[in-house]
Structure formats: structure tokens, C-alpha cells
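Structure incoming, see below.
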Amino acid sequence: MSETCHPGIAYVLQLYAEEQSCVDAALTHKVCHTVKEDGMRGLPLPYQLRSDWMVTSVLFLCFVLASYVLAHGKRHLEQQFKSFTLSKERASLFDDTTAADVRYTLVLILQTCILSGFCVYDYFSDHDLILFRTVPHYLLLSIYMGYMVLFFVIKWLLYNFVNWIFFNKVRNVIWLESYFNVVIGAGFLLFPIVLLIVYFDLSPQIAPYFIGFVIIIAKILLFYKCFSNFFNKIYGILHLILYFCALEILPDLVLWKGIILANNILVLNF
């Protein structure tokens, strides 16, 4: 009798296990099916500068450096800006300037380069969508900042070379002093504009006007200093226009065309 019942019980247990497995599979399928019908796939948030910790760190570093320079090198900056409007016959850039004052100037020029890189980045983020969909944002921002540093270094070398040929050393030093003062002043004006761009979503239609206003003011000041330092005679107007266009207007156009060309190369490579 037992030999007959044991196979029957084993068979019943096997059928029970199979039935339970089918029920579990059906319930699991129903749950998964319900989730697929009721849910929706999340969309990734677009990249924003204000949500990037590295961007925030760089801007905070610029703020700290500018505050430190204003706290410790305020007297040097005041002397430089006061001497900008004076038509001096001898240079005073390195007469009473210490190594710390030179470091302050270099730090503020570097800050201007960083802020200029942010402005270029913001412009192309709204006018070249293919570039920003293919190239990493960190790379683009770093490249633009590097462009601006290289641009100012090349202009400094170009000024030294041209002024060494046509003018004396005193005039060259005075011009470089004035040029650095304008660059530093432009950096102070660009800082609040960059903060508006990064953290307050300044409209891409309005931001270029603010940046263009700063550039125009800087060019007017450089034109005035170029006239008072090099060509302060009436017969030097033609030379003034030639000098200013060759060393101020043309390099900016070359820089802009170079950035556009580099953007196209980046799109092709990525």
C-alpha cells in the first residue's frame, strides 16, 4: 500500500510546484506589465553652468583672488589707474613696483582671461548647438579660457616687438602699463556680467550687448591712450589709425575667426 501511495504524493507535490511557479510567473509578468504601462522614462536635465561644482569653484576662486588683491594691493591699483589719464614723459611702471605688485597685476589679468572664456562659452552655447551636443562642456570651457590667455600673451609680445621698432623703451612701458590697466578694469566689469550669466540666466539676446559695451569702453580708452602716448600731434592721425587697427582691431577679428575654426575642428573630431 505504501509503495503505491508514495509516487502519488510525489506527483501531487510536483503538480503543486508547477502550478505555484505558473502563478508566480503570471503575477510577476502582470506587475512588470503594469509598471511599463503606467511609468515613463525620465529625461536627463540639460547641462547648466550653475549646477556645475567646478564652475562655481572657479568663480569663487576669482572672487577670493580679486578680494585679496583689493585688500593688499589697493594702493598700487589706485596709482596705476590715476596715472592712466596723465601724459607722462617717463615711465613709472617698474620704478616703485615690487614683485608683489607685479603678481597682483598678473592675477587680475588671469581673472580677466577666465571671465572672457565664460563669455565666449555662453555665446556659443546659444548659437552653436551642434558643438555643445558633441564636445564635452569641460573641454570647451577650458579651451576658451586657454584661448584668451594665449591671445593676451601674443598681444603682449606683438606690442613689445612693434614698439621696440618704432618707439623708445619709455613709450613702450607706458603703453603696456595702460594696456594692463584697461584689461584689469574690463575684468572687474565682466565679473558681475558673468555672475548674471551663470546664476541668473541672463538672456542670450541681452548678454552680448553688455559684453560689447565693456569691449567698446576698453577700445575707446586704449584709443585715447594710444593717441596721447604715441601720436599726440595732428600729423600723426594716419599713423594712429594704422597702428590701432593693426594691433587692436585686427587681432580681435583673427581671434574670433580662430575660435570659429577651432569649433568646427572639434565638431569633426568628436
Side-chain angles (χ1 to χ4, degrees), residues 69 73 75-117 120 144-188 190 214-259 261-262:
V69 171
R75 180 179 179 183
H76 171 70
L77 293 177
E78 289 179 350
Q79 292 177 352
Q80 296 301 313
F81 288 128
K82 286 180 180 179
S83 65
F84 181 84
T85 57
L86 302 177
S87 299
K88 300 179 294 183
E89 295 297 331
R90 60 185 302 272
S92 61
L93 179 62
F94 302 109
D95 289 348
D96 301 322
T97 302
T98 63
D101 295 333
V102 175
R103 288 197 299 268
Y104 296 153
T105 302
L106 293 178
V107 167
L108 293 178
I109 292 175
L110 179 61
Q111 174 186 269
T112 303
C113 296
I114 294 174
L115 297 176
S116 301
V120 176
Y144 291 147
M145 292 179 183
Y147 278 157
M148 302 311 300
V149 173
L150 182 62
F151 174 72
F152 284 110
V153 170
I154 292 176
K155 285 195 70 174
W156 174 71
L157 295 175
L158 192 61
Y159 281 136
N160 278 291
F161 177 73
V162 174
N163 295 340
W164 173 71
I165 295 176
F166 295 101
F167 306 103
N168 56 42
K169 181 180 179 180
V170 173
R171 294 295 182 184
N172 183 32
V173 172
I174 294 175
W175 170 253
L176 290 177
E177 175 189 356
S178 303
Y179 179 74
F180 291 153
N181 290 338
V182 172
V183 172
I184 291 172
F188 283 118
L190 287 177
V214 174
I215 294 175
I216 291 174
I217 293 298
K219 295 301 181 183
I220 291 175
L221 293 176
L222 289 175
F223 186 84
Y224 160 76
K225 198 60 184 180
C226 184
F227 172 77
S228 62
N229 187 48
F230 296 133
F231 310 100
N232 52 6
K233 306 296 182 180
I234 190 63
Y235 54 80
I237 295 298
L238 182 60
H239 299 87
L240 169 64
I241 296 175
L242 181 62
Y243 179 89
F244 193 79
C245 291
L247 296 181
E248 281 299 324
I249 305 301
L250 186 60
D252 294 345
L253 297 177
V254 172
L255 172 68
W256 189 252
K257 290 296 182 180
I259 292 176
L261 179 61

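On a predicted model such as this, the values are computed, not experimentally measured, just so you know.
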inquiry  = I need the Phe161 CZ to Ile154 CD1 distance, nearest 0.5 Å.
reply    =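 It is 14.5 Å, given to the nearest 0.5 Å.
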
request  = Would you give the length of the straight line joining atom CG of Leu190 to atom CD1 of Ile114, rounded to the nearest 0.5 angstrom?
outcome  =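 It is 12.5 Å, given to the nearest 0.5 Å.
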
key: Interatomic spacing from CG in Asp252 to SG in Cys245 - rounded to 0.5 Å   =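 Asp252 CG to Cys245 SG: 11.0 Å, rounded to 0.5 Å.
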
Least distance between heavy atoms, Val120 atom then Met148 atom =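 For Val120 versus Met148, the nearest heavy atoms are CG2-SD, 4.5 Å.
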
task = State, to 0.1 Å, how close Thr112 and Gly187 come at their nearest heavy-atom pair, and which atoms those are.
result =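 Looking at all heavy atoms of both residues, the shortest contact is OG1-CA, 3.3 Å.
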
task = Could you label the plane-to-plane angle of the Tyr179 and Phe152 rings as parallel, tilted or perpendicular, counting under 30° as parallel and over 60° as perpendicular?
result =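 Because their plane-to-plane angle lies in the 30° to 60° range, the rings of Tyr179 and Phe152 count as tilted.
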
key: Minimum heavy-atom distance Val69-Leu108, with the two atoms named   =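 What the structure gives for the nearest pair is CG1-CD1, 3.7 Å.
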
task = Report the distance from atom CG of Leu115 to atom CE of Met145, rounding to the nearest 0.5 Å.
result =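 Between atom CG of Leu115 and atom CE of Met145 there are 8.0 Å.
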
query = Taking atom CH2 of Trp164 as the centre, does the number of heavy atoms from other residues, nucleotides or ligands within less than 6.0 Å exceed 12?
reply =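 Atom CH2 in Trp164 is not packed in, count stays at 12 or less.
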
query = So which heavy atom on Pro251 is nearest to which on Phe151, and how close?
reply =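 For Pro251 and Phe151, the tightest heavy-atom pair comes out as O-CE1, 3.5 Å.
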
task = Please determine which of Phe223, Phe227, Trp175 meets the ring-ring contact (aromatic ring centres under 6.0 Å, His included) test together with Phe244.
result =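 That would be Phe223; it is the only one of Phe223, Phe227, Trp175 passing the ring-ring contact (aromatic ring centres under 6.0 Å, His included) with Phe244.
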
query = Heavy-atom distance under 4.5 Å between the side chains of Asn163 and Tyr243, does that happen here?
reply =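 Sidechains of Tyr243 and Asn163: in contact.
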
request  = Look up atom CD1 in Ile109 and atom CG in Asn181, then write down how far apart they are to the nearest 0.5 Å.
outcome  =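 It is 9.0 Å, given to the nearest 0.5 Å.
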
key: Approximate separation, where rounding is to 0.5 Å, of Leu150 CG and Leu255 CG   =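 That separation rounds to 9.0 Å.
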
key: Within-4.5 Å side-chain heavy-atom neighbours: Ile220 and Tyr224   =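 Result no, sub-4.5 Å side-chain heavy-atom pair not found.
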
